[in-house]
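Notes follow the structure.
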Protein chains: 2
Amino acid sequence: MKKKLNLKQVAEQLRVSTATVSNAFNRPDQLSAKLRDRILKESAELGYFGASLAARSLRRGESGVIGVMLADSLSYSFSDPVANQLMQGIAEVLVEQKKQLLLLSNGVSSAEQSGAETLPDGFILYGALQGNAFEHILRTGKPVVAVDFEFSETASVNIDNEQGAYAIASHALSKDDSSQVAILGLRLIDSARVCRLVSEDLVSQSKEISRSRLAGYLRAAKDKGTNISADKIWHIPINSPERAEIAAREALTSNPLPNVLLCMSDVIALAALRVAHELNIAVPEQLQVTGFDDIPEASRSTPALTTVCQQSLEKGRIAARMLLEGNMNEKRILETRLVVRQSCK
Amino acid sequence: MKKKLNLKQVAEQLRVSTATVSNAFNRPDQLSAKLRDRILKESAELGYFGASLAARSLRRGESGVIGVMLADSLSYSFSDPVANQLMQGIAEVLVEQKKQLLLLSNGVSSAEQSGAETLPDGFILYGALQGNAFEHILRTGKPVVAVDFEFSETASVNIDNEQGAYAIASHALSKDDSSQVAILGLRLIDSARVCRLVSEDLVSQSKEISRSRLAGYLRAAKDKGTNISADKIWHIPINSPERAEIAAREALTSNPLPNVLLCMSDVIALAALRVAHELNIAVPEQLQVTGFDDIPEASRSTPALTTVCQQSLEKGRIAARMLLEGNMNEKRILETRLVVRQSCK
DNA sequence: TTGAAAGCGTTACCAC
DNA sequence: GTGGTAACGCTTTCAA
């Protein structure tokens with residue numbers, strides 16, 4: 001195999017100037033079709049297929065690469081169905097627009113100077129980033145779309161979590177005034193362990209997703225005249241089936257037994273269904289279970305999950321389109337939709 | 001916000017030379033700790049956090065970016081549990097080694113000259129790529145690790161699909177000589193529709209994954225004295241729950257009813273479990289179901305899935321390590337493991 | 001320990 | 001329609 005050639009060497013070989021070769025690749029109108037065809041064909045024969053991204057991007061000031069940074073670790077994110085659906089939507093649009101996708105790892109240490117945030121032409125940020133990665137990205141001055149969090153200076157795509165939670169809780173509580181309600185909550189407090197809340201934990205003005213959902217649940221309960229005390233609310237530190245099962249087992253072996261279980265994610269709700277099955281608790285007859293997200297698995301479980309559709313896929317598409325179309329002032333709030341299936345009629 | 005500065009301007013502001021600033025970031029030993037600290041601190045204040053990737057990569061000839069190209073479309077891959085587990089393993093190692101991850105879309109058209117394949121220092125290729133993307137990547141002369149396919153000139157990580165399939169089929173067929181066996185196969189022929197095979201379809205020397213698995217099933221059947229005719233083998237064009245359900249429904253409403261169902265992926269097997277449940281066919285009493293892959297969901301279904309663990313996560317880790325450590329001659333074959341759960345005792 | 005300068009591969013302006 | 005050439009931002013050698 002011959003040594004890799006660069007544009008200059010190709011130009012020499014073909015006995016034209018570098019500008020002409022460059023034009024052949026980038027600006028068809030700048031030369032005769034005939035010459036262009038010759039150049040394209042012969043460079044391919046020489047093993048030259050186009051400019052190096054580094055050089056072109058240095059010169060042009062843009063790379064054709066879009067950076068996506070996820071609040072959770074990259075590795076974990078690949079196991080999260082919601083993140084995957086979002087990525088799927090993003091990827092769909094980027095591929096269609098011939099953009100490349102750089103996955104930035106949101107490391108804690110600022111020391112990891114790879115400078116990767118300098119390459120992309122724009123960013124999609126999923127979830128509120130901790131650390132100074134966020135700041136670094138803002139400093140680049142490049143367009144940013146925030147997904148599932150809000151930042152004054154950037155465009156964003158969000159859903160109304162409070163409203164979605166209110167809707168599903170209202171549905172779950174509608175038939176029975178004397179409900180025993182338990183809540184399996186995600187990331188409600190700052191603890192790495194599954195545990196119940198205490199009453200002080202309820203006072204929080206946080207705008208985090210999980211706090212909004214909790215607020216929605218509690219508002220619905222209040223409207224129905226139901227009370228939910230702090231010890232009926234579980235905190236789950238991470239959206240994993242294993243942790244969720246632990247919490248579900250605690251909740252479903254507590255006394256009095258809840259007959260409505262509001263779960264802050266479908267992963268948690270699915271875990272609850274498994275635990276209920278294992279404990280011979282009939283769903284929905286003895287226990288109503290609700291989820292949140294509407295991940296693909298939600299419609300396939302037995303019983304199928306009643307949940308709130310937050311359109312993660314569409315969210316990804318929209319975020320990507322906003323970024324590419326440059327709507328950098330838009331603050332988009334997507335509709336949520338109550339999806340009633342068997343787990344909570 | 002101030003205009004973005006470059007290294008040269010930072011050097012001017014700090015009244016040192018560009019080389020000194022560069023050294024402060026890249027070669028701590030080339031200057032006094034004191035000066036270095038001052039430079040780092042003051043550049044951060046000026047909003048300079050390190051070199052632009054394009055420029056550094058142009059100059060140094062390496063970027064710190066690893067490219068991953070998937071045989072299936074990027075968007076689809078995010079919905080595939082096996083691909084996601086692989087990516088999880090890859091991401092784990094790359095983050096740990098402070099490498100960035102560029103996801104290359106395997107577009108069909110060679111026209112999409114984004115030149116993205118010129119940036120990465122190395123590639124992980126998952127599945128046999130169609131089109132000339134593969135050739136382009138090889139031409140770069142950069143290290144490549146092939147996953148789940150074999151190419152003479154590159155390192156690779158594979159499993160022995162024939163053997164894994166043989167093992168699970170032997171297990172499934174061990175108790176009953178008069179088994180009615182059906183196979184739900186993935187990508188066995190070149191058709192976009194779910195359909196049964198005909199006998200001509202059985203002759204194939206292809207080394208594709210699905211063909212190896214089929215060979216393993218058939219060898220096991222032969223060893224047990226069971227015959228499996230072509231019309232008991234279904235072709236499913238894509239590993240999606242929807243398609244799999246169609247095939248499963250066909251198979252489980254055919255006459256004579258199969259009592260052993262060998263599925264070439266867990267996604268397919270899980271679909272089969274759902275269909276069996278819907279048709280009131282008891283698993284494993286009336287119907288034994290086996291999967292392949294051991295995705296996380298396999299252990300969570302009811303009944304839990306008997307399957308072949310192919311260690312997708314570890315596969316990703318190993319591929320990434322091989323690439324980073326530069327073992328470019330290694331051809332690694334990972335062990336598969338039979339995982340017996342309730343769906344096929 | 002520091003500074004000047006060459007050059008990485010490309011593009012785009014401006015002449016011809 | 002075509003060809004010089006400066007500039008993109010940085011690293012690294014070499015000399016001071």
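Within every chain, numbering begins at 1; the chains are lettered A, B, ... in the order of the sequence lines, protein sequences first and strands thereafter. None of the values given here were measured: they were computed from a predicted structure.
Here chain B contacts DNA chain D (any atom closer than 4.0 Å to a heavy atom, that is under 4.0 Å), and the contacts span D:dG9 to D:dT12 from 5' to 3'.
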If you restrict it to nitrogen or oxygen atoms, what contacts under 3.5 Å exist between nucleotides 5-8 of chain C and the protein, and what is each distance?
residue: C:dG7; atom: N2; partner: B:R59; partner atom: NH1; Å: 3.0

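For residues 32-44 of chain A, every residue pair satisfying the salt bridge (Lys or Arg N to Asp or Glu O under 4.0 Å) rule, not counting sequence neighbours, is listed here: A:R38-A:E42, A:K41-A:E45. Legend: side-chain hydrogen bond (donor to acceptor under 3.5 Å, both in side chains) pairs involving residues 311-328 of chain B, not counting sequence neighbours, sorted by first then second residue: B:E92-B:R317, B:D148-B:K315, B:Q310-B:K315, B:E314-B:R317, B:N327-B:E330.
B:E96 is linked by a side-chain contact (heavy atoms from CB on, under 4.5 Å) to nothing, counting only residues two or more places apart in sequence or in another chain. Evaluation of the ring pair (Phe, Tyr, Trp, His ring centres under 6.0 Å) rule for A:F134 yields A:F149, A:F151 as partners, not counting sequence neighbours. Every residue meeting the salt bridge (Lys or Arg N to Asp or Glu O under 4.0 Å) condition with A:D72, not counting sequence neighbours, appears here in chain and number order: A:R187. With sequence neighbours excluded, the residues forming a side-chain contact (heavy atoms from CB on, under 4.5 Å) with B:S156 are B:A146, B:E150, B:N158, B:K331, listed by chain and number. Listed by chain and residue number, A:F25 satisfy the ring pair (Phe, Tyr, Trp, His ring centres under 6.0 Å) test with A:Y48 (two or more places apart in sequence, or in another chain).
Straight-line distance from the CZ atom of A:F25 to the P atom of C:dG9: 16 Å, rounded to whole Å.
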Mind listing the side-chain donor-acceptor pairs of residues 10-19 of chain B below 3.5 Å, one per line with the distance, residues two or more places apart or on another chain?
residue: B:S17; atom: OG; partner: B:A19; partner atom: N; Å: 3.3
residue: B:S17; atom: OG; partner: B:T20; partner atom: N; Å: 3.3
residue: B:S17; atom: OG; partner: B:T20; partner atom: OG1; Å: 3.2

Just distance, no hydrogens or angles: give the donor-acceptor pairs under 3.5 Å from side chains in residues 76-89 of chain B, sequence neighbours left out.
residue: B:S77; atom: OG; partner: B:S73; partner atom: O; Å: 2.9
residue: B:S79; atom: OG; partner: B:Y76; partner atom: O; Å: 2.7
residue: B:D80; atom: OD1; partner: B:N239; partner atom: ND2; Å: 3.1
residue: B:D80; atom: OD2; partner: B:A83; partner atom: N; Å: 3.0
residue: B:N84; atom: ND2; partner: B:F78; partner atom: O; Å: 2.9
residue: B:N84; atom: ND2; partner: B:D80; partner atom: O; Å: 3.3

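An angle of 40°, rounded to 10°, separates the two end axes of the helix from C:dT1-D:dA16 to C:dC16-D:dG1, each defined over five pairs.
Within the nucleic acid shown, A:N23 has no heavy atom closer than 4.0 Å to any nucleic acid atom.
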